[in-house]
Enquirer: 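To start, I am sharing the structure in question, which I have written as structure tokens.
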Amino acid sequence: MILLLDLSYRAHSLSRDEFVGPIAHIVSRAGLEWEEMHFSEIRSDDLKGAIGIILCGTALKDNLFAARVQEFSWLRNISVPVLGICAGMQILCLVFGGTIRPGCEIGMTTVRADTPDPLLLGSPAFQAYELHSFTCDLPQGWVVMAVSDSGVQAVRHPTRPLYGVMFHPEVRNDGVVERFLSLCQEKDR
Amino acid sequence: MGEIQEPERTSVNGMRLGVLCSGGKDSLFACYLAMQKEEVACLISVRSRNEESYMFHIPNVHLVPLQAEAAGLPLITVETEGIEEAELSDLSRAICLAVERHGIEGVVTGALLSVYQATRIQRICRDLDLWCFNPLWYTDQEAYMELLIEAGFRAVVTGVFSAPFNAAWLGRMIDREALKDLKQYVRKYRIILTGEGGEYETLVLDAPFFARRIVIEESTEEYFNYRGILRVRRARLEAK
């Protein structure tokens, strides 16, 4: 089972269909089961059946998650693969000691993949959809996989299967989520 | 990093939102979803004089006031020449009016796949410090169409703009039979099921949140080479 974590301003909000729904659709298409949960509701038992976790994005004006970073401390000890999307990447960054600062991007931008990684499938450059009002200054040791003119776009933990993308892969880059799901299945074998 | 606070609330019922409404199924279904989570304070409509507008679909946008009346919602309407990009300032003006008159804190759209539309509306909302919600964004198209019919929406086709749509589609209700045909067109002609690629346009005559439904009393049709429009000349509300 893939656990989809809703990072929006409250459980079952109007943002759920926009940011969790499209990811759930990709996971279903890949033939995997998923469950979803709001970040405020998560308990350690909820993590037991998950072979991977996706931290979903939020609306541009919704940065509440960053004010409640202590509720994500469980990420420090997680062993299954995690993909943080936009708000999710910002949370990974904050939990592991990085910082975020204002940096707004809206719309399509060119992402350049500087460090080869299966998650990005070796594409040297691709177009990606951005919708964020903060950008990340990474925790020490994290690997930058891709950048745009305005900042870091894809990162990974130096040793663990923890990934972050600032762009929204559900828009025209489903493959990023699909490859993450493959990674979850490989690690689960 | 900047100060981050819990979203402010000015209403006990939730966030007050304005729904961008073209009169078609997507904007009114988005309105229906918004009503279940927050408070819809008004509809916002932009009437474009340009039939090729990039942003606003137009065949029967003049019926939005009747839809607003049926839903018991106030309506903000502005007109635009429909010139690319300049029409965005007209949309921004409409949203500003909705803020002034109805105290909206955010905007809801029926955007499904159009990055062009979504990007521009997101930028307007950012500039006005408003929330932006797109509850149909990259949704499962088949599931959405099924839900639309199941929920009791009555939407008719008022414009067709691609093969293989013939003139018989003008005025046709989006029901289970129509959905079956549309699914076949997806497989055979690679249309987008919801018409988001501009293949067809719809007008909503009834919705679960309408107190009354719209009856078309008089309409005219134009159709040539897979392009056609049903123009509603006269319509009224009747009891449900």
Side-chain angles (χ1 to χ4, degrees), chain A residues 8-29 57-69 87 90 93-94 98-109 127-137 168-174 177, chain B residues 1-9 13-17 19 26 29-40 104-144 147:
Chain A
S8 54
Y9 58 100
R10 70 158 187 258
H12 317 295
S13 77
L14 188 53
S15 284
R16 181 269 164 206
D17 290 344
E18 185 173 348
F19 296 100
V20 181
I23 302 298
H25 186 39
I26 297 170
V27 178
S28 294
R29 260 196 345 240
T58 63
L60 192 66
K61 201 169 152 55
D62 182 0
N63 297 295
L64 174 67
F65 63 89
R68 292 168 61 173
V69 67
Q90 293 172 52
C93 177
L94 290 169
T99 55
I100 61 173
R101 59 186 155 81
C104 184
E105 269 185 296
I106 302 171
M108 301 304 290
T109 195
Q127 291 291 302
Y129 182 67
E130 307 286 340
L131 186 68
H132 58 88
S133 45
F134 285 86
T135 190
C136 291
D137 290 321
H168 286 261
E170 66 272 27
V171 179
R172 303 186 186 179
N173 285 297
D174 303 23
V177 179
Chain B
M1 79 184 220
E3 189 181 356
I4 294 163
Q5 297 174 330
E6 300 235 2
E8 290 174 15
R9 287 285 173 275
N13 296 322
M15 213 181 292
R16 288 176 65 79
L17 302 174
V19 178
D26 304 333
F29 196 79
C31 180
Y32 172 62
L33 294 175
M35 284 172 159
Q36 294 167 36
K37 303 286 174 72
E38 303 290 352
E39 181 186 356
V40 173
I104 65 164
E105 302 159 80
V107 166
V108 180
T109 87
L112 280 151
L113 296 166
S114 171
V115 166
Y116 180 91
Q117 286 183 341
T119 297
R120 279 151 183 79
I121 294 168
Q122 290 279 5
R123 285 180 183 149
I124 288 171
C125 288
R126 176 201 54 192
D127 293 346
L128 298 176
D129 194 27
L130 293 172
W131 288 70
C132 183
F133 295 102
N134 304 283
L136 295 174
W137 188 237
Y138 276 72
T139 193
D140 179 330
Q141 306 246 326
E142 284 198 25
Y144 159 49
L147 202 55

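Residue numbers begin at 1 in each chain, while the letters A, B, ... track the order of the sequences. Side-chain atoms are counted along with the backbone in the values below, which use heavy atoms only and exclude waters and symmetry mates.
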Enquirer: Work out which heavy atom in A:Gly107 is nearest to a heavy atom in B:Arg123; give both atom names and the distance.
Expert: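 The answer is CA-NH2, 4.4 Å.
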
Enquirer: Please look at A:Leu131 and chain B and tell me whether the side chain, the backbone, both or neither of the residue comes under 4.5 angstrom of a heavy atom of that chain.
Expert: side chain

Enquirer: To the nearest 0.5 angstrom, please state how far the CZ atom of A:Phe19 sits from the CZ atom of B:Phe133.
Expert: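 Spacing of CZ (A:Phe19) from CZ (B:Phe133) equals 9.0 Å.
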
Enquirer: Report which part of A:Ser13 has an atom under 4.5 Å of a heavy atom belonging to chain B: side chain, backbone, both, or neither.
Expert: backbone

Enquirer: Under 4.5 Å, counting heavy-atom pairs only, tell me which of B:Asp129, B:Leu130, B:Leu136 racks up the most with chain A.
Expert: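 If we count pairs closer than 4.5 Å to chain A, B:Asp129 comes out on top.
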
Enquirer: Between atom CG of B:Asn134 and atom CG of A:Leu14, what is the distance when rounded to the nearest 0.5 Å?
Expert: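 Those atoms lie 9.0 Å apart.
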
Enquirer: Do you know the tightest heavy-atom contact between A:Asp17 and B:Pro135?
Expert: CB-O, 3.2 Å

Enquirer: Could you give the distance from CD1 (B:Ile121) to CD1 (A:Ile106), rounded to the nearest 0.5 Å?
Expert: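 Interatomic distance, B:Ile121 CD1 to A:Ile106 CD1, rounded to 0.5 Å: 11.5 Å.
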
Enquirer: Using non-hydrogen atoms only, which part of A:Arg172 is less than 4.5 Å away from chain B: side chain, backbone, both, or neither?
Expert: both

Enquirer: If you take all heavy atoms of B:Cys132 and A:Ala59, which pair is closest and at what distance?
Expert: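 Reported closest heavy-atom pair: O-CB, 4.2 Å.
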
Enquirer: Ring-plane angle category for B:Trp137 and A:Tyr129, please: parallel below 30°, perpendicular beyond 60°, tilted otherwise.
Expert: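 The rings of B:Trp137 and A:Tyr129 sit tilted, inter-plane angle from 30° to 60°.
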
Enquirer: Distance from A:Lys61 atom NZ to B:Glu105 atom CD, nearest 0.5 Å?
Expert: 9.0 Å

Enquirer: Could you tell me the separation between the CG atom of B:Leu33 and the CZ atom of A:Arg16, rounded to the nearest 0.5 Å?
Expert: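 That separation rounds to 11.0 Å.
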
Enquirer: What heavy-atom pair brings B:Glu38 and A:Arg10 nearest, and what distance separates the two atoms?
Expert: OE2-NH2, 2.9 Å

Enquirer: Please report the interatomic distance CD(A:Glu130) to CD(B:Gln122), rounded to the nearest 0.5 Å.
Expert: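 The CD atom of A:Glu130 sits 12.5 Å away from the CD atom of B:Gln122.
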
Enquirer: Is it the side chain or the backbone of B:Leu17 that comes within 4.5 Å of chain A heavy atoms, both, or neither?
Expert: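 For B:Leu17, the contact with chain A is made by the side chain alone.
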
